[in-house]
Amino acid sequence: MNVLWLIFGVLVGLAIPAGYYLLQRQQWALHREIREKEAREVLEKGRQEAEVIKREAHLEAQKERLGLKEELENQYQEQKKELLGQQRRLEKKEEQLERKFDQIDQKERNLESQNQRLQGEFKKIEEGEERRRQLLSEAQKRLETVAGMSMEDARSELRQAIEEQARIESARVLKRMEEETRNQANKKAQEIITTAIQRFAGETVSERTVSVVPLPTEEMKGRIIGREGRNIRALETATGCDLIIDDTPEAVVISGFNPVRREVARRSLEELVGDGRIHPARIEEVVKKNRKVVANEIREAGEQAFLELGLQGANPEIVKLVGTLKFRTSYTQNVLAHSIEVGYFAGIMAEELGLDGNLARRCGLLHDIGKAVDHEVQGSHAVIGGELAKKYKEDPIVINSIWSHHFDIEPTSVYGPLTNAADALSAARPGARRENLQTYVKRLEDLEKIAGEFGGVEKAYAVQAGRELRVFVEFDRVSDEGALMIARDIAQKVENEMTYPGQIKVTVIREMRATEIAH
């Protein structure tokens, strides 16, 4: 019995592990099956995702290929357009080159034609030279046959004849060249000067070195003089001008070479006469006030001058000096008005010539700036003006134009002669200036005297207020070419020996009159 229970226990003990083992093995099989199923699902999902990625990659690749293809197509089209443009440019250049080749061929043909013509001219010259040698030989033979004439005399006469012939020939050539040059230069110069004059019509201002102040009554003269002359002395001391009180009815004359002081004196005296209170203290007060007023007017006049000409960037002292010219006259012409006029002329002519109009106007406006102080500083107003412009840092071209506008020094640019020409236009026009009668008559006499010193001159007349010199020559002593040479020589001598505004035209007249009486 015990053995049975033992056997049963053994069997049970063996059955339990075996069952556990079988159960465990079933669980393992189940787990393996589950893992395999999950693996298959993961693999399937991975294949699906891989397929999706593959399709997306394929689509992206196709998209990139399409973009690249489109880009390449655009590049191709651009390169094609560029090549077509280059081809058209090359074709255009080829056409230009062909035209240039045609022009070169035409020029070569013209040069060949000119060469042939020149060869013909040279041949004519050689023939003329040969003819001259023949004539010379014949002349020598005739001279040798002249009775009583030595070889030296014959040579001397022949030399004179040749010199005269060469002089005539050179005069003819010179005349032809001058006519050709004059036709071109005069036409252009007339256009420029006419344009300048037409575009600016300046006013003519006439002033004197004295100012006249009218008085309401003759009794006012006594009040101006004051007790024992104290008022008039105070006025002269304060203003620096002389007061002339004479028999002129109801007027007092203020005399002085400084135009600014004279203007201050005139205004002060007019104010004192109008106010009626005239004594030394009042005189000093009024003169001081009017000095400030005139100083302000000077500054405003200078600024207005620069404004009228469109100029900027001037030193205040330069502006003041320009304004001072308002009270300065030259040959009764107001210097400020003259300077503005010269500035206009110079600017217009410069622009017609393609130059800097502003720079030319600056040269014209400042050319007479030395006249603002020439009564205080010794020397030429051109030199003084150049030094002032240099002191106040003006442009070197402006400085040289001021220095050289009367040719005190040589001009270094075209603006110097341009300023001189504009100055002559403004100063020499009729009515701009009035000359002293004695100076005017002497200039006419000097002109006629210079012309009379030349051989063959019969009569000489200075006409048009000395602007033209007409010279009559003897037709049997002076040839046409000789008349040309006489005109040049007279003009040269007038330039060297005389000083005058503007220019003088020399006209030589040669005429032959034949008279016969019919009975």
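Atom set for the values below is all heavy atoms of this structure, side chains included, hydrogens, waters and symmetry mates excluded. Just so we're clear, the structure is a prediction, and the values are computed from it rather than from any experiment.
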> What distance separates Glu285 CD from Asn290 CG, expressed to the nearest 0.5 Å?
Replying inline: 10.5 Å

> Atom CD1 of Ile369 and atom CZ of Arg328: how far apart are they, to the nearest 0.5 Å?
Replying inline: 13.0 Å

>> side chain to side chain contact (heavy atoms under 4.5 Å, CB included) for Leu484 and Val508? Distances and angles first, verdict last.
In response: CA-CA 7 Å; Leu484 174 64; Val508 176; over 6 Å; no

>> As an exercise, state the distance from CD of Gln62 to NZ of Lys69, rounded to the nearest 0.5 Å.
In response: 12.0 Å

> Distance-only, no hydrogens or angles: does the Asn334 side chain make a donor-acceptor pair with backbone N or O of Ala337 under 3.5 Å?
Replying inline: yes

> Does NZ in Lys390 sit with more than 12 non-hydrogen atoms of other residues, nucleotides or ligands closer than 6.0 Å?
Replying inline: no

> Where do Arg109 and Glu112 land on the side chain to side chain contact (heavy atoms under 4.5 Å, CB included) test, with the steps shown first?
Replying inline: CA-CA 5 Å; Arg109 289 193 293 271; Glu112 183 66 24; 5.5 Å; no

> Hey, is Asp102 close enough to Arg99 for a salt bridge, meaning N to O under 4.0 Å?
Replying inline: no

> What's the shortest heavy-atom distance between Cys363 and Ile397, and which atoms?
Replying inline: SG-O, 4.3 Å

> Considering residues at least two apart in sequence or located in another chain, which fulfil the side-chain hydrogen bond (donor to acceptor under 3.5 Å, both in side chains) criterion with Thr507?
Replying inline: Glu468

> CD/Glu108 to OG/Ser113 distance, rounded to the nearest 0.5 angstrom?
Replying inline: 13.5 Å

>> Please evaluate residues Leu418 and Met349 with respect to the criterion side chain to side chain contact (heavy atoms under 4.5 Å, CB included), reporting the C-alpha separation (whole Å), side-chain torsions for both, the decisive distance (0.1 Å), and the verdict.
In response: CA-CA 8 Å; Leu418 195 63; Met349 290 190 288; 3.9 Å; yes

>> What's the separation between atom CD1 in Ile298 and atom OG1 in Thr324, rounded to the nearest 0.5 Å?
In response: 4.0 Å

>> As a quick check of understanding, evaluate side chain to side chain contact (heavy atoms under 4.5 Å, CB included) for Lys391 and Glu387, giving each step before the final call.
In response: CA-CA 6 Å; Lys391 176 181 178 182; Glu387 293 295 335; over 6 Å; no

> Which heavy atom in Ile490 sits nearest to a heavy atom in Val471, and how many Å separate them?
Replying inline: CD1-CG2, 4.0 Å

>> If you take the centroid of each ring, where Trp contributes its six-membered ring, are His338 and His367 closer together than 6.0 Å?
In response: yes

> If you take all heavy atoms of Ala305 and Val322, which pair is closest and at what distance?
Replying inline: CB-CG1, 4.0 Å

> If we ignore angles and hydrogens, is there a donor and acceptor under 3.5 Å between the side chains of Thr412 and Asn400?
Replying inline: yes

>> Does this structure show an ion pair linking Lys289 with Glu271, if we count only N-O contacts that are shorter than 4.0 Å?
In response: yes

> Between Glu263 and Arg266, does a salt bridge (charged side-chain N to carboxylate O under 4.0 Å, His left out) hold up when you go through it step by step?
Replying inline: CA-CA 5 Å; Glu263 180 66 15; Arg266 184 186 67 80; 2.6 Å; yes

>> If I compare all heavy atoms of Gly416 with all of Ser404, which pair ends up nearest, and what's the gap?
In response: CA-OG, 3.8 Å

> With distance as the sole test, does Asn496 use its side chain to make a donor-acceptor pair with the main-chain N or O of Gln492 at under 3.5 Å?
Replying inline: yes

>> Quick check: do His381 and Asp368 have side-chain heavy atoms less than 4.5 Å from each other?
In response: yes

> Any side-chain heavy atom of Asp395 within less than 4.5 Å of one from Ile399?
Replying inline: no

> Which atoms form the tightest heavy-atom contact between Gly364 and Thr419, and what is the distance?
Replying inline: CA-CG2, 4.3 Å

> So do Arg299 and Lys320 actually touch side chain to side chain, heavy atoms under 4.5 Å?
Replying inline: no

> Within a reach of under 6.0 Å around CD of Gln312, are more than 12 heavy atoms found that belong to other residues, nucleotides or ligands?
Replying inline: no

> Would Gln106 and Asn110 count as having a side-chain donor-acceptor pair, cut-off 3.5 Å?
Replying inline: yes

> Is the backbone N or O of Val42 less than 3.5 Å from a side-chain atom of Arg47, with the two atoms forming a donor-acceptor pair by type?
Replying inline: no

> Would you say Tyr415's side chain and Asp356's backbone share a donor-acceptor pair under 3.5 angstrom?
Replying inline: yes

>> Salt bridge or not between Arg267 and Glu270? Use side-chain N to carboxylate O under 4.0 Å.
In response: no

>> When you compare the side chain of Asn315 with that of Lys393, does any pair of heavy atoms fall below 4.5 Å?
In response: no

> Of all heavy-atom pairs between Ile402 and Gly385, which one has the smallest distance, and what is that distance?
Replying inline: CG2-C, 3.5 Å

>> Could you work out, with side-chain contact (heavy atoms from CB on, under 4.5 Å) as the rule, every residue matching Glu126, not counting sequence neighbours?
In response: none

> How long is the span from the CD atom in Glu351 to the CG atom in Leu355, to the nearest 0.5 Å?
Replying inline: 9.5 Å

> Is Arg362 salt-bridged to Glu394, going by a charged N under 4.0 Å from an acidic O?
Replying inline: yes

>> According to side-chain contact (heavy atoms from CB on, under 4.5 Å), who are the partners of Gln87, at least two apart in sequence or on a separate chain?
In response: Leu84, Glu91

>> Taking the side chain as everything from C-beta on, heavy atoms only, tell me whether Ile34 gets closer than 4.5 Å to Glu38.
In response: yes

>> Could you work out, with side-chain contact (heavy atoms from CB on, under 4.5 Å) as the rule, every residue matching Glu410, not counting sequence neighbours?
In response: none

> Is the closest side-chain heavy-atom distance between Glu297 and Val293 below 4.5 Å?
Replying inline: yes

>> Restricting to side-chain contact (heavy atoms from CB on, under 4.5 Å), what partner residues turn up for Glu78, sequence neighbours left out?
In response: none

>> Measuring only between side-chain heavy atoms, which start at C-beta, is Glu70 closer than 4.5 Å to Asn74?
In response: yes

> Side chain of Arg470, backbone of Ile509: donor and acceptor closer than 3.5 Å?
Replying inline: no

>> Could you check whether any side-chain heavy atom of Phe306 comes within less than 4.5 Å of a side-chain heavy atom of Ile318, counting everything from C-beta outward?
In response: yes

> Is the backbone of Ile409 close enough, under 3.5 Å, to the side chain of Trp403 for a donor and an acceptor to pair up by distance?
Replying inline: no

>> Please enumerate all residues that pass side-chain hydrogen bond (donor to acceptor under 3.5 Å, both in side chains) together with Arg261, with sequence neighbours excluded.
In response: none

> Does the side chain of Glu73 pick up a donor-acceptor pair with the side chain of Gln77 at under 3.5 Å?
Replying inline: yes

